[in-house]
Amino acid sequence: MPELPEVEVVRAGLERHVTGATITSVAVLHDRPVRRHPGGATSFAAALTGRKVVGTRRRGKYLWLPLDNSDDAERVSGGDSGQQAARATPPDTLPAGDALLVHLGMSGQLLVQPPHAPAERHLRVRIGLDRAWELRFVDQRMFGGLSVSAGGADLPPEIAHIARDPLDPLFDDTEFVARLRRRTAGVKRLLLDQGLISGIGNIYADEALWRSGLHGERPADRLTRAQAIELLRHVREVMVEALDQGGTSFDSLYVNVNGESGYFDRALHAYGREDAPCDRCGTAIRRVAFMNRSSYFCPRCQPAPRRRRVV
DNA sequence: CGAGGTACCTGAGAGC
DNA sequence: TGCTCTCAGGTACCTC
């Protein structure tokens, strides 16, 4: 389940192995992963073929590969008439470059493989490159997906609503703390709100809350400023630790997001530890249902909030 | 606008 | 053995 650190490890791997490569072929083996691309698989393949990958970018759990603006390639538009839109663009306003936008969802992987390597069980999209390897999108559950974003090189408009992530140098701590403390929802729900802060998933939310001694259902507007700042600090701490562990196992061509990333080896204090003793106080970790998933917490270190008084 | 709920999707594993 | 059920969860979309 890739969260920010895993996606960043993938981005770094792609930066090394894919930047500068030209896409020579695209094979979409399942429609669902390209469902967000207007025009579907055929349009997706046409929009990519012949384009050159000129970089790698990430915001939260999204990553995108800016493409060159080669005139040979079919220009992408927001709608279904790409060529007309391209010609309608005034010549003095060169459109921002397009980008291949990627979300790994729950089980997505981007692999760099030799073309002759056997197909993975859940191989969905193959992207041939003018290299000794190709890019593969493998995704069992297909919550993830790929699309070509028109003019999305700098920031794809499809993800304009996604907030900056806490490792972004332009992330505004003060603004985040203020916005968080204006909300009445439980603090875990808000950590998972990608429009408020991006990159955090269920696992890192639980870990950051455990480190902060905060229960996930604590209303955000009941946090002190100091508590909110401390929570943000712990979010960053958990992510950086994960990044440090994941970053070392990616020397090979194999760019992975599950297993080898060190993700599951990492010492987790709360997530997945139901009934195990809390590493701080020894109390049994509890699991409760939350938003169609699970929350893990120490009932002693992270006491449940009292019910808000009905006014 | 915010809060909170649900559909989407597949396969592993449990229980019978 | 084979069936059914539950669970994993990020995001878009829905209602209130």
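Each chain gets a letter, A, B and so on, in the order its sequence line appears, and its residues count up from 1.
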Query - Non-hydrogen side-chain atoms of A:E8 and A:M239 separated by less than 4.5 Å - result: no
Query raised in the report: Taking a hydrophobic cluster as the set of Ile, Leu, Val, Met, Phe, Trp and Tyr residues connected by side-chain heavy atoms closer than 4.5 Å, whether directly or through intermediates, do A:L67 and A:Y62 fall within one such cluster?
Result: no
Report summary line: note: A:R183, atom CZ; B:dC1, atom C1'; distance rounded to Å ~ 10 Å
Requested in this report: Specify the separation, in whole Å, of atom CG of A:L63 and atom P of C:dG10.
Outcome: 16 Å
**Report entry** Nucleotide of C:dA8, B:dA3, C:dT11 approaching A:Q194 most closely (side-chain heavy atoms)
**Finding:** C:dT11
**Report entry** Minimum side-chain heavy-atom gap A:L129-A:I23 below 4.5 Å
**Finding:** yes
Requested in this report: Give A:Y62 one of three labels, base, sugar-phosphate or nothing, depending on what nucleic acid heavy atoms sit under 4.0 Å from its own.
Outcome: sugar-phosphate
**Report entry** Sugar-phosphate, base or nothing in reach of A:N202, heavy atoms under 4.0 Å
**Finding:** sugar-phosphate
Requested in this report: Please determine if a side-chain N or O atom of A:R189 lies less than 4.0 Å away from the OP1 or OP2 oxygen of B:dA3.
Outcome: no
Query raised in the report: Closer than 4.0 Å, any side-chain N/O of A:T184 to the OP1 or OP2 of B:dA3?
Result: yes
Dump the pairs, protein N or O against N or O of nucleotides 11-15 of chain B, anything under 3.5 Å, distances to one decimal.
{"unit_1": "B:dG11", "atom_1": "O4'", "unit_2": "A:Q140", "atom_2": "OE1", "d": "3.1"}

Requested in this report: Would you kindly give the CD-to-C1' distance between A:Q109 and C:dG10, to the nearest whole Å?
Outcome: 16 Å
Report task. Provide, to the nearest angstrom, the distance between the CD atom belonging to A:E274 and the P atom belonging to C:dC7. Result -> 11 Å
Query raised in the report: Any side-chain heavy-atom pair from A:Y296 and A:L268 closer than 4.5 angstrom?
Result: no
Query raised in the report: Are A:R293 and C:dG10 close enough that a side-chain N or O sits under 4.0 Å from OP1 or OP2?
Result: yes
Query raised in the report: Which whole-number value in Å describes the distance from A:R179 CZ to B:dC1 C1'?
Result: 12 Å
Query raised in the report: Contact class for A:R287 vs. all strands (heavy atom < 4.0 Å): base, sugar-phosphate, or nothing?
Result: sugar-phosphate
Query - Short side-chain N/O contact from A:R32 to OP1 or OP2 of B:dC8, under 4.0 Å - result: no
Query raised in the report: Is it true that the side chains of A:E120 and A:Q109 contain a donor and an acceptor less than 3.5 Å apart?
Result: no
Query raised in the report: Which nucleotide in the set B:dA3, B:dT6, C:dA8 lies at the smallest distance from any side-chain heavy atom of A:A185?
Result: B:dA3
Query raised in the report: Which of these nucleotides, C:dA8, B:dG2, C:dT11, is closest to any side-chain atom of A:M106?
Result: C:dA8
Query - Geometric class of the A:H17/A:W133 ring pair [parallel <30°, tilted 30-60°, perpendicular >60°] - result: perpendicular
Scan nucleotides 4-6 of chain C against the protein and return all N/O pairs shorter than 3.5 Å with their distances rounded to 0.1 Å.
none

**Report entry** Heavy atoms from other residues, nucleotides or ligands near CG of A:D172 exceed 12 (cutoff 6.0 Å)
**Finding:** yes
Query raised in the report: Just wondering, are more than 12 heavy atoms of other shown residues or ligands nearer than 6.0 Å to CZ in A:R280?
Result: yes
Report task. Whole angstrom is fine here: how far is it from CG in A:L180 over to C1' in B:dG2? Result -> 14 Å
Query raised in the report: Among A:R58, A:R236, A:R59, which residue meets the salt bridge (Lys or Arg N to Asp or Glu O under 4.0 Å) test with A:D165?
Result: A:R58
Requested in this report: Would you classify A:H161 as touching base, sugar-phosphate or nothing, given that sugar-phosphate means primed atoms plus P, OP1 and OP2, and contacts are heavy atoms under 4.0 Å?
Outcome: sugar-phosphate
Report task. Send over the distance from A:L192 CG to C:dT11 C1', rounded to a whole Å. Result -> 11 Å
Query raised in the report: Can you name the side chain to side chain contact (heavy atoms under 4.5 Å, CB included) partners of A:K188, sequence neighbours left out?
Result: A:L192, A:N202, A:A205, A:D206, A:L209, A:F290, A:S295
Requested in this report: For A:R182, report the nucleic acid contact type (base, sugar-phosphate, nothing); a contact means any heavy atom under 4.0 Å.
Outcome: nothing
Query raised in the report: Atom CD1 of A:I159 to atom C1' of C:dG10: distance rounded to whole Å?
Result: 14 Å
